[in-house]
Amino acid sequence: MVKKENQRPFTPLQELGLDAFMDRIRSRQSKKKPVVSSVMGGRVQVRKIAGSEISVVSSQSSFMDSIHFDLTYTPLPHLGSKWVTAISTRLLAYGVVPDQIFMNLTVPNMISVEMIDDILVGMDQHPVGVSVEVAEIAPSRNYLSATIIGTGIQEKRSLLIRNQSGKGELLCVTGDVGGAMAGLRILLREKKYWDPEGGEPFKPDLSGYEHVIGKQLLPTTRLDLFNAMRDNEIVPGSMIDLSQGLINDLQVMGKESSCGFNIYSPAIPIDLATRKVADEMQEDVDRYALYGGEDHELLFTLREGDVEKLRASFEDFTVIGDVTDRKNEIVVNDGEGGSVDPSTGRQE
């Protein structure tokens with residue numbers, strides 16, 4: 001926090017952190033008529049319909065050019081699809097398949113009607129099959145941005161995430177992690193060679209990096225896990241979309257369930273392509289996995305018996321740790337008797 005003489009304090013949002021800032025905002029909201037209950041750190045809102053067993057579940061995210069995406073290397077249909085993945089995965093983590101998405105756009109003059117059509121094609125063709133409606137379009141001076149609002153219906157009998165992870169439950173994650181960060185590193189490296197004034201089209205060499213580029217530009221929505229849990233009547237203790245990085249999202253889970261976690265670093269699923277990128281960049285691949293965001297996998301806890309039950313019909317997940325009763329404490333074990341400080345990434 002910066003404070004000059006005779007001036008109000010000035011705390012940058014980055015210094016406070018997004019989750020702490022949202023807690024600050026919610027603490028100011030009136031509690032006289034609690035209509036909406038907030039779960040998973042405020043990422044999802046639930047509105048119960050009076051006199052029924054049905055709830056409307058919603059979530060929203062905002063995306064801005066040059067902050068959340070880069071039009072230099074992002075195909076517009078991929079951009080639309082990724083927006084749907086981001087909001088759908090968040091709702092899936094609360095046991096809801098989205099049925100409708102509303103989008104507000106701010107559009108600068110450099111964006112054409114045809115370019116917006118391409119974004120909508122990506123959204124319409126997304127595997128989740130959600131209905132997309134453009135609610136509002138407003139002009140922008142410089143940047144394209146979008147606010148995506150997803151909604152779905154949850155019945156009492158549907159998959160319900162309890163936010164009640166208990167000691168001894170196993171910590172699991174779908175797919176592999178750190179790949180989106182690796183893909184971003186490659187795209188940023190290739191962007192350095194792009195000459196916007198040049199006469200030739202920009203053709204970066206991305207051969208050998210298809211997996212990590214795909215993780216960054218066109219992530220998968222894990223409907224397969226959702227369906228397997230529903231079909232086998234498996235209810236996780238907690239579940240969250242892996243969007244802000246493994247450590248940050250675990251902090252949200254731990255806060256919601258008043259628990260802590262042991263993570264076993266060697267067990268974290270990291271693709272060979274991700275390791276290759278980290279080696280090329282002379283960077284620590286564990287930092288990609290622990291702190292890199294946008295993987296859009298699902299992170300969840302299960303009782304040991306449910307792990308085996310799930311594995312019988314769904315294999316694309318890995319046990320990476322367990323739940324402890326040490327509230328808000330995350331320990332990253334390196335498999336050799338040491339540990340990593342999750343706040344710094346340094347060996348202890």
Side-chain angles (χ1 to χ4, degrees), residues 61 63-90 111 115 118-128 144-146 148 173-196 198 200-225 241-246 248-249 268-299 316-318:
S61 287
F63 306 91
M64 180 173 286
D65 184 16
S66 300
I67 297 178
H68 302 102
F69 60 91
D70 190 324
L71 293 177
T72 303
Y73 51 70
T74 307
L76 293 173
H78 286 31
L79 184 61
S81 180
K82 185 174 181 178
W83 290 347
V84 176
T85 292
I87 206 71
S88 296
T89 305
R90 184 173 296 177
I111 300 297
M115 294 170 75
D118 286 344
I119 292 173
L120 291 172
V121 165
M123 300 179 81
D124 289 337
Q125 293 180 350
H126 191 278
V128 80
L144 173 68
S145 68
I148 309 296
V173 67
T174 58
D176 60 272
V177 298
M181 173 60 74
L184 179 63
R185 300 291 285 126
I186 293 299
L187 290 167
L188 291 175
R189 183 183 71 181
E190 294 300 313
K191 183 182 176 181
K192 293 180 181 178
Y193 300 102
W194 175 56
D195 179 8
E200 294 295 324
F202 178 47
K203 295 181 179 180
D205 181 10
L206 302 178
S207 57
Y209 302 108
E210 291 83 358
H211 177 75
V212 295
I213 297 299
K215 290 282 286 186
Q216 171 58 221
L217 296 181
L218 200 61
T220 301
T221 302
R222 300 315 305 244
L223 274 169
D224 48 0
L225 172 71
D241 57 307
L242 191 53
S243 58
Q244 304 297 323
L246 188 60
N248 189 63
D249 290 325
I268 297 175
I270 304 174
D271 193 86
L272 289 176
T274 303
R275 296 183 183 277
K276 174 186 174 184
V277 172
D279 289 344
E280 289 180 9
M281 300 292 178
Q282 297 184 337
E283 296 173 335
D284 184 358
V285 72
D286 287 340
R287 292 194 64 83
Y288 286 15
L290 295 174
Y291 304 101
E294 297 191 294
D295 283 310
H296 296 299
E297 299 290 347
L298 286 170
L299 186 65
D316 192 20
F317 74 99
T318 305

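Count residues from 1 along the sequence. Only this structure's heavy atoms are used, side chains among them; waters, hydrogens and symmetry mates stay out. Because the structure is a prediction, the values reported are computed rather than measured.
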**Prompt:** So, Glu280 versus Tyr209: side-chain donor-acceptor pair below 3.5 Å or not?
**Reply:** yes
**Any residue meeting side-chain contact (heavy atoms from CB on, under 4.5 Å) with Met115, in chain and number order, not counting sequence neighbours** = Leu76, Ile111, Ser112
**Prompt:** Short question: side chain of Asp295, backbone of Lys215 - any donor-acceptor pair under 3.5 Å?
**Reply:** no
**Prompt:** From Leu206 CG over to Ile186 CD1, what is the distance, rounded to the nearest 0.5 angstrom?
**Reply:** 8.0 Å
**Asked** Closest approach of Gly178 and Thr274, non-hydrogen atoms and distance?
**Response** O-CG2, 3.5 Å
**Request:** Using the test side-chain hydrogen bond (donor to acceptor under 3.5 Å, both in side chains), find all partners of Tyr288 that sit at least two apart in sequence or belong to another chain.
**Result:** Glu283
**Interatomic spacing from CG in Asp241 to CG in Asp249 - rounded to 0.5 Å** = 6.5 Å
**Residue pairs, two or more places apart or on separate chains, that pass salt bridge (Lys or Arg N to Asp or Glu O under 4.0 Å) and touch residues 68-88** = Asp70-Lys191, Lys82-Glu294
**Message:** If the condition is side-chain hydrogen bond (donor to acceptor under 3.5 Å, both in side chains), which residues does Ser61 pass it with, not counting sequence neighbours?
**Reply:** Arg90
**Request:** Output yes when a side-chain donor or acceptor of Ser88 lies under 3.5 Å from a complementary backbone atom of Val84, and no otherwise.
**Result:** yes
**Request:** Could you tell me how the ring of Trp83 sits relative to the ring of Phe63: parallel (under 30°), tilted (30 to 60°) or perpendicular (over 60°)?
**Result:** parallel
**Side-chain touch Ser243/His296, heavy atoms, less than 4.5 angstrom** = yes
**Request:** Sort and list the pairs that fulfil salt bridge (Lys or Arg N to Asp or Glu O under 4.0 Å) and have at least one residue in residues 268-277, not counting sequence neighbours.
**Result:** none
**Prompt:** Can you name the residues that form a side-chain contact (heavy atoms from CB on, under 4.5 Å) with Pro269, not counting sequence neighbours?
**Reply:** Val173, Asp176, Thr318, Ile320
**Asked** Any idea which heavy atoms bring Ala289 and Leu246 closest together, and the distance?
**Response** O-CB, 3.5 Å
**Heavy-atom side-chain proximity of Ile270 to Asp286 below 4.5 angstrom** = yes
Determine all donor-acceptor pairs shorter than 3.5 Å in which one atom belongs to a side chain in residues 217-225; sequence neighbours excluded.
residue : atom : partner : partner atom : Å
Thr221  : OG1  : Thr85   : OG1          : 3.1
Thr221  : OG1  : His126  : NE2          : 3.0
Arg222  : NE   : Asp224  : OD1          : 3.1
Arg222  : NH1  : Glu297  : OE1          : 2.9
Arg222  : NH1  : Asp316  : OD2          : 3.1
Arg222  : NH2  : Asp224  : OD2          : 2.9
Arg222  : NH2  : Asp316  : OD2          : 2.8

**Prompt:** Side-chain contact, heavy-atom cut-off 4.5 Å: Ile119 with Leu144?
**Reply:** yes
**Fill in**
Sequence neighbours excluded, the answer for side-chain hydrogen bond (donor to acceptor under 3.5 Å, both in side chains) partners of Glu210 is none
**Item:** Nearest-0.5 Å distance that lies between atom CG in Leu290 and atom CD1 in Ile268
**Value:** 4.5 Å
**Asked** Any side-chain heavy atom of Phe317 sitting closer than 4.5 Å to one from Leu298?
**Response** no
